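Here the structure comes first, spelled out in structure tokens, and everything after it is commentary.
Quantities reported herein were computed from a predicted structural model and do not represent experimental measurements. Excluded from the calculations below are hydrogen atoms, water molecules and symmetry mates; all remaining heavy atoms, backbone and side chain alike, are included.
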Amino acid sequence: GPNNHYILGDDIELVDYSPIDVDIASFDGNGRTITIKSFAKFKEEQIGAGLFKKITKNMMVKNLNVVYYENKDAFGEVINGIPDSFADLCNDETVNFTSAIFGGLTPKNEGVITNCTVSGKVALHASTIEAKKTATNTGYSINFNIGGLVGENTGYITHSDSYLNI
């Protein structure tokens with residue numbers, strides 16, 4: 001609940017991941033890393049992609065490293081990032097997607113983010129979604145907000161960096 005505090009005890013990897021939708025007081029990454037290897041398919045008209053669905057007004061996220069999965073060759077060069085693009089994740093023809101917000105930590109921050117990093121690579125091919133949808137729906141458009149740490153920010157961010165290749 002809103003008074004709960006969590007500390008990450010070890011590095012973890014997430015596959016077919018849906019963003020965490022919680023109302024907690026704090027999440028301390030304890031200097032650990034969460035690696036996101038793939039997202040689950042989206043079914044909502046308003047997409048919010050990131051580790052947390054939303055960092056709420058009274059919530060703090062700190063001391064956390066988030067890595068979006070990268071395949072590297074023998075020389076350390078990135079071959080590709082998360083294989084899912086927004087187009088792949090939004091391929092449900094029954095859903096009329098109206099907006100897509102991406103932030104490495106969260107699409108929407110209203111709380112406090114401190115001492116966090118986001119790195120890796122994500123393929124956000126917005127034009128592919130629009131082309132696919134406009135071919136079947138005249139006048140169709142999607143609003144996009146994309147950021148390395150957050151998509152939209154009305155909270156506070158300190159001592160945090162994004163090295164995310166978008």
Side-chain angles (χ1 to χ4, degrees), residues 1-71 81-92 95 97-126 129 142-166:
N3 297 320
N4 294 344
H5 302 270
Y6 294 91
I7 298 175
L8 188 61
D10 206 350
D11 296 345
I12 58 174
E13 292 183 350
L14 305 171
V15 178
D16 291 331
Y17 178 70
S18 293
I20 301 169
D21 189 9
V22 294
D23 185 16
I24 61 174
S26 70
F27 185 88
D28 184 343
N30 198 26
R32 303 291 187 172
T33 300
I34 296 177
T35 300
I36 299 175
K37 289 194 164 189
S38 63
F39 282 108
K41 300 240 185 261
F42 295 106
K43 297 290 185 186
E44 299 121 4
E45 290 182 1
Q46 296 179 334
I47 299 166
L51 176 64
F52 293 94
K53 190 161 189 160
K54 182 179 186 179
I55 295 176
T56 58
K57 185 176 181 180
N58 296 314
M59 183 174 167
M60 175 183 278
V61 176
K62 62 184 180 179
N63 307 321
L64 179 64
N65 303 304
V66 177
V67 175
Y68 285 83
Y69 181 65
E70 297 178 321
N71 283 329
I82 289 186
D84 307 319
S85 68
F86 264 16
D88 296 331
L89 295 171
C90 304
N91 67 358
D92 187 336
V95 180
F97 298 101
T98 57
S99 66
I101 305 171
F102 174 84
L105 282 174
T106 183
K108 294 184 179 186
N109 177 46
E110 297 174 351
V112 177
I113 297 170
T114 187
N115 198 32
C116 294
T117 63
V118 177
S119 61
K121 184 174 182 179
V122 251
L124 302 177
H125 304 296
I129 303 170
I142 302 175
N143 295 320
F144 289 93
N145 288 358
I146 299 171
L149 284 170
V150 301
E152 295 177 357
N153 184 51
T154 57
Y156 301 93
I157 301 172
T158 64
H159 307 290
S160 298
D161 296 298
S162 173
Y163 305 98
L164 190 62
N165 183 351
I166 299 174

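- The two atoms that bring S162 and G148 nearest to each other are OG-CA, 3.2 Å, heavy atoms only.
- A donor-acceptor contact closer than 3.5 angstrom links the side chains of S26 and H5.
- D11 places a side-chain N or O within 3.5 Å of a backbone atom of T33 that can act as its donor or acceptor partner.
- Counting heavy-atom neighbours within 6.0 Å of I12 CD1, excluding the residue itself, gives a total above 12.
- Checking side-chain atoms of T106 against main-chain N and O of F52 turns up a donor-acceptor pair under 3.5 Å.
- Partners of S160 according to the side-chain hydrogen bond (donor to acceptor under 3.5 Å, both in side chains) rule, which considers only residues two or more places apart in sequence or in another chain, do not exist here.
- N4 approaches I24 most closely through the heavy-atom pair O-CB, 3.7 Å.
- How far CG of L64 is from OG1 of T114: 11.5 Å, rounded to the nearest 0.5 Å.
- Judged by distance alone, the side chain of Y68 and the main-chain N or O of N165 form no donor-acceptor pair under 3.5 Å.
- Atom CG of residue D10 and atom CG of residue N30 lie 9.5 Å apart, to the nearest 0.5 angstrom.
- L105 approaches C116 most closely through the heavy-atom pair CD1-CB, 3.8 Å.
- Between the OG1 atom in T158 and the CG atom in N115 there is a gap of 8.0 Å [rounded to 0.5 Å].
- Taking NZ from K62 and CD1 from I113, the interatomic distance works out to 14.0 Å, rounded to the nearest 0.5 Å.
- How far OG1 of T35 is from CD of E13: 5.5 Å, rounded to the nearest 0.5 Å.
- Applying the salt bridge (charged side-chain N to carboxylate O under 4.0 Å, His left out) criterion to D21, with sequence neighbours excluded, gives no partner residue.
- Taking CG of L14 as the start and CD1 of I20 as the end, the distance is 7.0 Å to the nearest 0.5 Å.
- When atom types are taken as modelled, the side chain of Y163 and the backbone of T117 share no donor-acceptor pair closer than 3.5 angstrom.
- L164 and S119 get closest at one heavy-atom pair: CD1-O, 3.5 Å.
- Residue E110 is tested with K57, K53, K54 for a salt bridge (Lys or Arg N to Asp or Glu O under 4.0 Å); the sole match is K54.
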